[in-house]
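All of these numbers come straight from a predicted model, not from anything done at the bench.
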Amino acid sequence: EAGERLVLGLAVRWVPSGRFTMGSPSSEPDRSSDEVQHEAVLTRGLFLAETECTQGQWESVMGGNPSHFKGSERPVEQVSWSEAVEYCRKLTAKQRTEGILPEGWEWRLPTEAEWEYAVRAGTTGARYGELDTIAWHGGNSGSETHRVSQKAANAWGLHDMIGNVWEWCADWSEDYPTGSVTDPTGPSSGSDRVIRGGSWDNGARGARSASRIRVDPGFRSSSLGFRPALSSVR
C-alpha cells in the first residue's frame, strides 16, 4: 500500500512494480524526437525519496554544502553524478552501521525507467498536474530554487518530480528501444548520464514527465540535484 515511510528522517514513498508506456506521443507539445514510446516493465518495487535530496540531508551525510541557493530545506545542487552516487553509498553505509537499514537494502540513484514510472504515477499526459500547481519552473520560480514540498505531490506522494531542480538518474544515456524492455538499466558504458524533470530555470519543454537531457557526469549546475531511491540489492 502506498504511503509515507520514514527511514532515518528521510521520507520515502513506495513505487510498486508494474508496466507503463515510456516516452511521449508525437502529438505532445514540446516533445523531443528521442522520447520514442515503448513499453517498460518493472518487476520490482522500490522506495523513492518523497523530495529531492535537501541541503540538510546532504550535510548530515557528506558535510559541507556545495549549493548556490542556500537553505537546509532547499534541494542540494551543484553536485556531479559521482557525488550523488557517493551520497547514496555513504548513506547506505551509515544506516547499516547504525542498524537502521536491513542487510540487502541500499540507497542508489533511480534508473531512468524507474524515474519516469514514478513521476507518472499512472498518468499518461505531459505531466501529472497543472504546471504551476506542481512545479517551480522558469515562469514562477523568481530565478531560484525553493523549499521542497511546497508544490502539489503526484498520486504516489512524490513532490517536485517536475521542476525545482533537474534530477540525476543512474543510467548512461542511450536512444530508446522501440520494443518492450524489462528492468532496463541503460548501456554498460557511455559518455553522458541522464537528467530528468526540469528545473527552476527551465520552461514547459523540460517540465514534462518524458523530458530527458543527456549531460556529462561531471556537470554541475545550480539547477541540478538528485533524488535517492531505496531498494533491495540487485
Side-chain angles (χ1 to χ4, degrees), residues 22-36 48-55 58 66-71 73-81 83-84 109-121 123-154 158-171 173 175-176 192-228:
M22 193 167 177
S24 62
S26 56
S27 59
E28 185 169 302
D30 294 323
R31 86 182 288 264
S32 297
S33 58
D34 65 349
E35 298 168 14
V36 177
L48 195 58
E50 189 174 297
T51 72
E52 292 154 338
C53 179
T54 67
Q55 293 170 37
W58 176 272
S67 305
H68 175 71
F69 299 108
K70 293 290 197 284
E73 292 299 311
R74 294 191 194 210
V76 71
E77 14 94 357
Q78 301 213 115
V79 295
S80 68
W81 182 89
E83 287 166 344
L109 292 179
T111 67
E112 191 179 9
E114 288 168 344
W115 191 96
E116 186 169 328
Y117 179 61
V119 70
R120 289 187 177 283
T123 62
T124 57
R127 52 188 70 89
Y128 54 85
E130 191 273 320
L131 183 56
D132 281 339
T133 303
I134 65 171
W136 295 110
H137 60 94
N140 67 4
S141 69
S143 300
E144 63 180 340
T145 62
H146 291 263
R147 284 191 303 123
V148 297
S149 300
Q150 301 300 295
K151 293 291 187 177
N154 71 6
L158 299 163
H159 289 270
D160 300 307
M161 289 291 288
I162 288 175
N164 221 359
V165 291
W166 290 94
E167 301 180 15
W168 285 112
C169 290
D171 316 36
S173 69
D175 291 340
Y176 280 160
D192 292 328
R193 298 284 183 179
V194 182
I195 62 175
R196 302 293 303 250
S199 73
W200 61 266
D201 68 346
N202 213 253
R205 174 183 293 274
R208 295 177 300 111
S209 298
S211 175
R212 58 197 302 245
I213 291 187
R214 311 166 190 224
V215 298
D216 184 283
F219 182 67
R220 290 183 180 85
S221 168
S222 60
S223 62
L224 173 57
F226 70 101
R227 177 186 309 258

Enquirer: Ignoring hydrogens, what is the shortest heavy-atom contact between Val79 and Gly225? Give both atom names and the distance.
Expert: CG2-CA, 4.4 Å

Enquirer: Output the distance between atom CD (Glu73) and atom OG1 (Thr54), rounded to the nearest 0.5 Å.
Expert: 5.5 Å

Enquirer: Apply ring-ring contact (aromatic ring centres under 6.0 Å, His included) to Trp200 and list each qualifying residue two or more places apart in sequence or on a separate chain.
Expert: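 Partners of Trp200 under the ring-ring contact (aromatic ring centres under 6.0 Å, His included) test: Phe69.
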
Enquirer: List the atom of Ala49, the atom of Arg227, and the distance in Å for their closest heavy-atom pair.
Expert: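 Shortest heavy-atom separation between Ala49 and Arg227 comes out as O-NH1, 3.1 Å.
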
Enquirer: If I compare all heavy atoms of Trp115 with all of Cys169, which pair ends up nearest, and what's the gap?
Expert: CB-SG, 3.8 Å

Enquirer: To the nearest 0.5 Å, how far apart are CD in Glu83 and CZ in Phe226?
Expert: 9.5 Å

Enquirer: With a 4.5 Å limit on heavy-atom distance, are the side chains of Asp201 and Ser141 in contact?
Expert: no

Enquirer: With rounding to the nearest 0.5 Å, note down the distance linking CD1 in Ile134 to CZ in Arg127.
Expert: 6.5 Å

Enquirer: Give me the atom names and distance for the closest heavy-atom approach of His68 to Ser222.
Expert: CB-CB, 3.8 Å

Enquirer: Find out whether Trp168 and Val215 are in side-chain contact, i.e. whether some heavy atom of one side chain is under 4.5 Å from a heavy atom of the other.
Expert: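 Counting from C-beta outward, Trp168 and Val215 do come under 4.5 Å.
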
Enquirer: Any carboxylate oxygen within less than 4.0 angstrom of a Lys/Arg side-chain nitrogen, looking at Arg147 and Asp160?
Expert: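 A salt bridge is absent here (no side-chain N lies under 4.0 Å from a carboxylate O).
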
Enquirer: Between Asn202 and Trp166, does the side-chain contact (heavy atoms from CB on, under 4.5 Å) criterion hold? Intermediate values first, please.
Expert: CA-CA 9 Å; Asn202 213 253; Trp166 290 94; 3.6 Å; yes

Enquirer: Could you tell me if the side chain of Gln150 sits less than 4.5 Å from the side chain of Trp136, heavy atoms only?
Expert: yes

Enquirer: Identify the residue among Glu112, Glu167, Glu52 that makes a salt bridge (Lys or Arg N to Asp or Glu O under 4.0 Å) with Arg196.
Expert: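 So, applying the salt bridge (Lys or Arg N to Asp or Glu O under 4.0 Å) to Arg196 and each of Glu112, Glu167, Glu52, only Glu112 qualifies.
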
Enquirer: Does the side chain of Arg205 reach to within under 4.5 Å of the side chain of Ser211, using non-hydrogen atoms?
Expert: no

Enquirer: Looking at Arg31 and Ser24, would you say the former's side chain and the latter's main chain have a donor-acceptor pair under 3.5 Å?
Expert: yes

Enquirer: Sub-3.5 Å donor-acceptor pair from the side chain of Gln55 to the main-chain atoms of Pro75, do we have one?
Expert: yes

Enquirer: Go through the steps for Arg208 and Ile162 under the test side-chain contact (heavy atoms from CB on, under 4.5 Å), then give the verdict.
Expert: CA-CA 7 Å; Arg208 295 177 300 111; Ile162 288 175; 5.7 Å; no

Enquirer: Would you say the side-chain atoms of Glu130 pair up with the backbone N or O of Thr133, donor to acceptor, closer than 3.5 Å?
Expert: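 Pair found, side chain donor or acceptor close to backbone of Thr133.
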
Enquirer: Below 4.5 Å, heavy atoms only, C-beta onward: do Glu50 and His159 meet side chain to side chain?
Expert: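 Side-chain contact under 4.5 Å: yes.
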
Enquirer: Work out which heavy atom in Ala204 is nearest to a heavy atom in Leu131; give both atom names and the distance.
Expert: CB-CD2, 4.1 Å

Enquirer: Going through the distances and angles, do Asp171 and Arg212 end up as a side-chain contact (heavy atoms from CB on, under 4.5 Å)?
Expert: CA-CA 12 Å; Asp171 316 36; Arg212 58 197 302 245; over 6 Å; no

Enquirer: Donor-acceptor pair, distance only, cut-off 3.5 Å: does the side chain of Asn154 make one with the backbone of Arg120?
Expert: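 Checking the backbone N and O of Arg120 against the side chain of Asn154, no donor-acceptor pair under 3.5 Å is found.
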
Enquirer: Which value, rounded to the nearest 0.5 Å, describes the distance between Asp216 atom CG and Ser80 atom OG?
Expert: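 Here the rounded value is 9.5 Å.
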
Enquirer: Look only at the side chain of Thr123 and the backbone of Gly125, and say whether a donor-acceptor pair between them is shorter than 3.5 Å.
Expert: no

Enquirer: Do Met161 and Ser209 have side chains that get closer than 4.5 Å, going by heavy atoms?
Expert: no

Enquirer: Side chains of Leu224 and Glu77: closer than 4.5 Å at any heavy-atom pair?
Expert: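 Of all side-chain heavy-atom pairs linking Glu77 with Leu224, none is under 4.5 Å.
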
Enquirer: From Met22 CE over to Glu114 CD, what is the distance, rounded to the nearest 0.5 angstrom?
Expert: 10.0 Å

Enquirer: Got a sec, which residues hit ring-ring contact (aromatic ring centres under 6.0 Å, His included) with Tyr117, two or more places apart in sequence or on another chain?
Expert: Phe20, Trp156

Enquirer: Can you sort out the partners of Gln78 under side chain to side chain donor-acceptor pair (under 3.5 Å), two or more places apart, ordered by chain and number?
Expert: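 Partners of Gln78 by the side chain to side chain donor-acceptor pair (under 3.5 Å) criterion come out as none, since no residue qualifies.
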
Enquirer: Does Ser32 use its side chain to pair, donor to acceptor, with the backbone of Glu35 at less than 3.5 Å?
Expert: no

Enquirer: Do His137 and Asp132 have side chains that get closer than 4.5 Å, going by heavy atoms?
Expert: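 Yes - at least one pair of side-chain heavy atoms lies under 4.5 Å apart.
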
Enquirer: Would you say the side-chain atoms of Arg74 pair up with the backbone N or O of Thr145, donor to acceptor, closer than 3.5 Å?
Expert: yes

Enquirer: I'd like to know whether Trp81 forms a side-chain contact (heavy atoms from CB on, under 4.5 Å) with Ile195, so could you lay out the CA-CA distance, the side-chain angles of the two residues, the decisive distance to 0.1 Å, and finally the verdict.
Expert: CA-CA 10 Å; Trp81 182 89; Ile195 62 175; over 6 Å; no

